[in-house]
Every structure is written in structure tokens, then in C-alpha cells.
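Worth knowing before you read on, the calculation uses all heavy atoms, side chains too, and leaves out hydrogens, waters and symmetry mates. We count ligands from 1, going down the list as the structure has it; atoms in each ligand are counted the same way.
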Amino acid sequence: MPKVSDRIEQLREQIREHEYRYYVLDQPVVSDYEFDQLLRELQRLEQENPSLITADSPTQRVGGEPAKEFPTHQFSRPMLSLENAYSEEELHDWGRRVVQLAETDAVDYVVELKIDGLSVALIYENGLLTKGVTRGDGRTGEVVTGNVRTIRSIPLRLSEDVSVEIRGEIFLGLKAFRQLNDEREQAGEPRFANPRNSAAGSLRQLDPSMAAKRPLAFYGYSILPTRPFQSENLKWITDLGLKVNPHRKLCHSLQEIIDFCRHWEEHRDDLDYEIDGVVVKVNSIELQERLGSTSKSPRWAIAVKFKARQATTKLLDIRVQVGRTGALTPVAVLEPVQLGGTTIRNATLHNEDEIERLGVQINDRVLLERGGDVIPKIMSVVEQAADRRPFEMPSQCPVCGSEVYREQGEAVRRCLSQTCPAKLKESLLHWASRKAMKIDGLGERLVDQLVEKDLVRDVSELYSLTQEQLEGLERMGTKSAANLLKEIDASRSLEFWRLLFGLGIRHVGERTAQILAKHFRSIERLEKASQEELEQVHEVGPKLAESIYKFLKQPENRELIKRLRDARLPMKSETVEDEQPEQIFAGKTFVLTGTLDGMTREEATALIEQRGGRVSSSVSKKTSFVLAGRDPGSKLEKARDLGVQILDEQAFRAML
Ligand code: IVH
């Protein structure tokens, strides 16, 4: 029998290697499932032998207690910022100065992409990550080690036992950023304006388990102590096990630098992160030292800034939309304009305070800017129109006419009417969405008709719709009406947490709904819970607890729940399976072919979807697995050609 401590060490080494391959090299050699098995075994062994837990163990990423506030750290060398060059001309001026001071024109430069994120310093002692510090004011930073430790591409232990300080940029990729914003919107929270803000917000989260939910990334760009050349420093950072942006180049002339800048200004949209320019650095550290720094920035580096994706256009009108939570949002209607490859017709104005801050009126010319979000922002007024007219936020709901309220300390007005058709339409769509009750056939067009014809006045009434009523609607044949009824009926047998999410309680996203369902197990118990009891639940903070409590206390919501109960919707977590299984297939796509012996295709699909996977009908390079049963079709051949992993039923079951 091998010693437990040996097995633990072996697991840690394997896990570190896989994490490095997955998060740093992007070349995993095991499936997420296999990886999780290793991690779980390690967790179990550590739980059984707590004395063997070490701070650098891969299980220790999510820190324990949230910090009350961040302690500070004095940098041994200040974290400087960079001078900007806004044109090739300015870059040339800088280059001339460098050459002059260097007294030679044979200067080499390293060019790197300038990611719009947050700079941090990672302090490693004898190979162990001991501190993660934000830039702060450049001399003193905030210690955010707990949150930095949640970033998977930052190793807790380097490949060498050295003491170094690695600096670099923490950022949120665009895909993750848009997803985060969509989730916030669904939970009735405001969208982040750009990835930088959302990354900053995550990094300064007091609770590391919250930061862990945002997939932040890190690229290193400097290291102390230094090697003789910047190019060697970058290589060393990767050797130590961290990521460095692969789009970098050693240049021997200004022209090469300019070509690099032009290329990336044109191709910036091909990247999954926001860049706002290129950083040019003198490669020789000896020369860097001779050139020196001002109190703010080094003379040996410069940031060549790209032109912002901006455009000006006319503000034709401001319309007010009413969301599911009743929030009134002003939306700018613009004269269509091209911006970074897309035609822009609308922009968000967030709320009335924003309109006031901008001092914008209808008919003015405005400056638009597109950051990481697809929805652009109005930055300022460039020209006041002679015929400008001020916009006033309505005091009545533009859809149902009831009075709107602005709560103290809130920037938005809300329509509080329970019967507002705009709110009702949004809540029906939310109820039917994939993450809630999965009623695919219930789209916008149909919801509009159901509400306008007064066939449905709340979500519970979906369950008493008849074939006859549906057939009377536009674009509804006998068959599609029957299908829709089938889908509506099928939603009765879904998990309880979906209903909780579907109710659209403010701030209750999909994950919170799952946590609540798991903890309370039934709507009765949830309805009885006090605000304090709700706050006791792991991951439920005071704001969330208050929102849930208030929602469940409102008589009209209680009545709605009663009607849903009468309509035979799931009101409790029936079985253990009712809790959402681990998302082992998150991000994976399956294709099914042939006949399975132990389950129907529908069952297999459900098993995959419950675990976060997707089922697609055709095989492509993006397919993760082909699940092949008896008498498989041509899909199997295609999978073989493309090198897609093929599973038989037994292997699939083993994964579950
Ligand atoms: S070098 C003294 N390299 O840009 C050198 N900075 O104002 C200072 N940044 O705060 C940093 N990518 O957050 C450097 N490849 C890169 C960078 C980079 C992004 C950020 C960094 C810094 C700001 C410069």
C-alpha cells in the first residue's frame, strides 16, 4: 500500500500539470471529467487527512472567509504607467529619442499587445504564490491574494523554487464578459459597461468564492529580478508556468513595429479580449536602465494607442423599454452609423441620471463608443441641435399607464403593476427560456398574441390553454398547437429549481435558484423562511435575502404560486436527482447516432443537457463526442475522419 501522503503528492503533481496544460497551454490531455476525478480524489484524501493540506494544493484555490477589507502592499519598485503615442509620428519621435540616448541606431524592441485590463503584481517566494497585489496608486497596492488565487492560469506554485515578482494584466475575455452581462440582466442587475470594469469588480470582490465564478485570465509582461533582455524575461515567465500573450514580436526597426501595430489595429476584433494598443519596449535591460524613467513612466517603453471605435451620429429619439422586473430603461434611437464593422441603430442610456450627466437632448449629435459589449455607449454630446428637445422620463409606465416608482438609492424607475403587459410578456419569455421551463415553442410573436388577446394573464395560465385557443392564433396550425401544448405539459415534470428561477425574483439567477432548491427543498419551507434564515444560506447575501423575502411575502406572488401548484408544477425537490448534477459536460457538444440499448435518445439527451452539455445533429470539428449505439449512421465515419472522440453506451455511462 502506498502511503497516503505519496498519493496526495502524486495527485497534486498530476493536477498541476493538467491545469497548466488546460489553462496556460490550452492543450489539455485529459477530459474535464477525468480531471475532476483526480481533483475529487485529492479533496477526499485531504478531507480525511487534514494535517496534510498545504496552501499550494490545487484544492485550496477558493479561499475561505471573505476579507473585511484589503490590506496594502508597498512595491519594492513602483508600478509605472506608460506614455501614449497617438500617431505613427509620435512613435517616430519617441524612437528618435531612444536612438539618440542609446548612441546607436541598432536598437531592438519587443512589441506586445496592450490588453485593457488591470495590472497586478504576483509575488512568489521560493516558488509559492504569497501575494497578489493590484496596482493601486503605483506605490501602494491592495492585497487581493484570495481572489488572485482563484484565477486558474495563475499557478499557486512555479516550476522552479525561485522568489520573483511577476507583473501582468488580469482581464475578462469577451465571451465570458458578454455571458456575465447576460446573466446579470436576467437576474435584474445592471450590465457592466466594459470587460475592464467587470474584471476590476471581480478582483475587488470581498468574497473569493464570488470572484471564482468569473473566469478571469492573466498574461504576464514583466519579472523581477530581471534577465538581460525583455524577450528572455517573457520566455522565463512562460517557463515558470504562467501565460504570456503569444502575439508578441522582437522588432529590429520602427517600420517593423508600425507593421505590427497596423496589423493588430485591423485585427483587434479577431481576439477574445479587448486591446487598446500595442506596447513597445526596448529589449535590452541595460539600455532600459540607461534611459531611465520619469516619476510616472519609463523612457524605454511607449504605448501606441489605437483609435477608439467611435463614431458620431444624430440622436433621433429616446424610447423607454419596460423589462421583466418593471425597470424603465431609456434607449437611444440613432441615425444608423457604422462602428467597428457593425451598423448601430440603438444605444443604451442606462437611466435618467445618465441622461442628465451627459446633458443630452433629442436631435443632438452624439459621440458613440463601442467597448467590449455589443451595445455601444453614448459618451458625450458633440453638437447641440438648434431644434433640440429635452427628454423627460415618464412618471407613468409607457405600456400600461400605471404610476412608476423610483426607490430610494436606486437609479431606475419601475412599473409596479402586476398586470403590466410589457412585464407580463417579459416574464412569460423568461419562464419559457431554456434555463427555466424550456418551452421552446413559446417565442416572442406568440407571447405578444397571448397577452394582447388576453388569453394569458400570468405564467400559471399557460397551463390552462386549450388546443382551440391556440389554433385561433396567427401562424398556428393544428400540429404546432398540439406540439406547444405538449411542451407546456412537459415543463410540469422539470426540476423545482427551474420554477424558482422562472419566477423571475430579482437577483435570483439560475445558480441561486439551484442553491435555494437544494437548501429548502420545497416552496413551503422557502415561504416560511425569515430573512435571517435566508442569509444563513451559503452564497446568499443580505441584498439577495431581502429580495427573496419580499417577493415571497407579497400576496399576489403567493397567489401566483398557489395557482402554479394547482396547475401541478413542481413545488419541491423530489429526489436527489432533482438537484442539478455536476456540470461535467459544460461547453461540450454531443452527437448521437444509432440505437442505444439502455436508454432512448431523449433520455440520453436529457442526461447530457442536465450536465451542461449540448446535443447537435451533425458532426463537425467542434463536436466533443459522438455517442454511437447499434447500427450507427454516416455520422460515425465522419467522426472518425475528423478525429472526434467516439463513445459507446458503456463509456458514456461510465462518464455519468
Ligand atoms: S508594461 C513600466 N506591458 O498598460 C511598464 N503594460 O499605462 C508598465 N498594460 O498599467 C507596464 N499590457 O496595466 C505593459 N504588455 C504590457 C501591457 C501593459 C497592458 C497596461 C498596464 C499598465 C498600462 C500602462
Side-chain angles (χ1 to χ4, degrees), residues 75-86 90-91 94 98 109-122 132-142 144 148 151 153-154 165-173 194-200 202-204 216-226 229-238 242-251 257 260-261 264-265 268 271-285 287-306 308 371-372:
F75 293 113
S76 58
R77 287 221 200 171
M79 281 187 93
L80 299 176
S81 55
L82 294 168
E83 280 287 328
N84 292 323
Y86 289 100
E90 288 182 12
L91 174 64
W94 174 79
V98 169
Y109 305 89
V110 172
V111 287
E112 301 162 16
L113 297 184
K114 185 169 182 298
I115 294 189
D116 197 12
L118 297 142
S119 43
V120 289
L122 307 175
V133 191
T134 66
R135 178 168 180 274
D137 65 1
R139 321 267 147 185
T140 313
E142 290 166 312
V144 289
V148 162
I151 300 174
S153 54
I154 295 180
E165 179 173 330
I166 295 170
R167 294 180 177 179
E169 204 77 356
I170 284 184
F171 60 97
L172 191 67
N194 54 49
R196 191 175 185 286
N197 288 3
S198 61
S202 315
L203 201 60
R204 302 190 72 261
L216 294 171
F218 175 84
Y219 278 138
Y221 54 67
S222 80
I223 183 164
L224 294 168
T226 178
F229 294 98
Q230 168 68 1
S231 48
E232 290 173 359
N233 281 341
L234 296 180
K235 166 85 175 32
W236 189 24
I237 298 173
T238 59
L242 289 102
K243 268 188 157 172
V244 170
N245 194 316
H247 305 300
R248 57 183 195 263
K249 196 177 170 201
L250 183 62
C251 295
I257 299 175
F260 184 88
C261 295
W264 283 108
E265 178 145 23
R268 60 194 291 197
L271 300 167
D272 181 48
Y273 42 83
E274 273 284 288
I275 55 172
D276 58 353
V278 166
V279 184
V280 185
K281 298 174 185 172
V282 166
N283 192 29
S284 153
I285 305 295
L287 181 49
Q288 284 190 5
E289 271 154 19
R290 271 201 284 140
L291 290 164
S293 303
T294 68
S295 67
K296 280 214 196 99
S297 48
R299 291 192 196 88
W300 47 264
I302 193 155
V304 181
K305 297 281 276 222
F306 294 158

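Applying the 4.0 Å criterion to heavy atoms of Leu80 picks out, from ligand 1, the atoms 2 (C), 8 (C). Ligand-side atoms of ligand 1 in range of Ser81: 7 (O), range being under 4.0 angstrom from any heavy atom. Interface of Ile115 with ligand 1, defined as ligand atoms under 4.0 Å from a residue heavy atom, comprises 12 (N), 19 (C). Listed by atom number, the atoms of ligand 1 under 4.0 Å from Glu112 heavy atoms are 3 (N), 15 (N), 16 (C).
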message = side-chain contact (heavy atoms from CB on, under 4.5 Å), that's the test. Do Leu80 and Ser293 meet it? Break it down for me.
response = CA-CA 9 Å; Leu80 299 176; Ser293 303; 3.6 Å; yes

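Under a 4.0 Å heavy-atom criterion, Lys281 is in contact with ligand 1. At least one heavy atom of Leu113 sits closer than 4.0 Å to an atom of ligand 1. Ligand 1 lies within reach of Pro298, whose nearest heavy atom is under 4.0 Å from it.
Ion pair Arg196/Glu274 not flagged as a salt bridge, since none of the NZ, NE, NH1 or NH2 atoms sits closer than 4.0 Å to an Asp/Glu carboxylate oxygen.
The only member of Trp300, Tyr109, Tyr86 that meets ring pair (Phe, Tyr, Trp, His ring centres under 6.0 Å) when paired with Trp94 is Tyr109.
Annotation: salt bridge (Lys or Arg N to Asp or Glu O under 4.0 Å) contacts of Arg135 (sequence neighbours excluded): none. For Asp276, the salt bridge (Lys or Arg N to Asp or Glu O under 4.0 Å) criterion is met by Lys114, Lys305, not counting sequence neighbours.
A donor-acceptor contact shorter than 3.5 Å is absent between the side chain of Arg167 and the backbone of Ala121. A distance-only check finds no donor-acceptor pair linking the side chain of Asn233 to the backbone of Tyr221 [under 3.5 Å].
For atom 16 (C) of ligand 1, the choice among Trp300, Tyr221, Tyr219 with the nearest heavy atom turns out to be Tyr221.
Classification of the Trp264-His247 ring pair by plane angle, with boundaries at 30° and 60°, yields tilted.
Looking from atom 9 (N) of ligand 1 to the surrounding protein, the closest heavy atom is Glu169 OE1, 3.5 Å. Shortest contact from atom 7 (O) of ligand 1 to any protein heavy atom: Leu82 N, 3.1 Å. In terms of protein heavy atoms, atom 23 (C) of ligand 1 is closest to Lys114 CE, 4.0 Å.
Considering backbone and side-chain N/O of Ser119, one or more are found under 3.5 Å from N/O of ligand 1.
Of the heavy atoms in Asp116, none comes closer than 4.0 Å to ligand 1. If you look at Val279 next to ligand 1, the close heavy atoms, those under 4.0 Å, all belong to the side chain.
Atom CD1 of residue Ile170 and atom CG of residue Leu122 lie 6.5 Å apart, to the nearest 0.5 angstrom.
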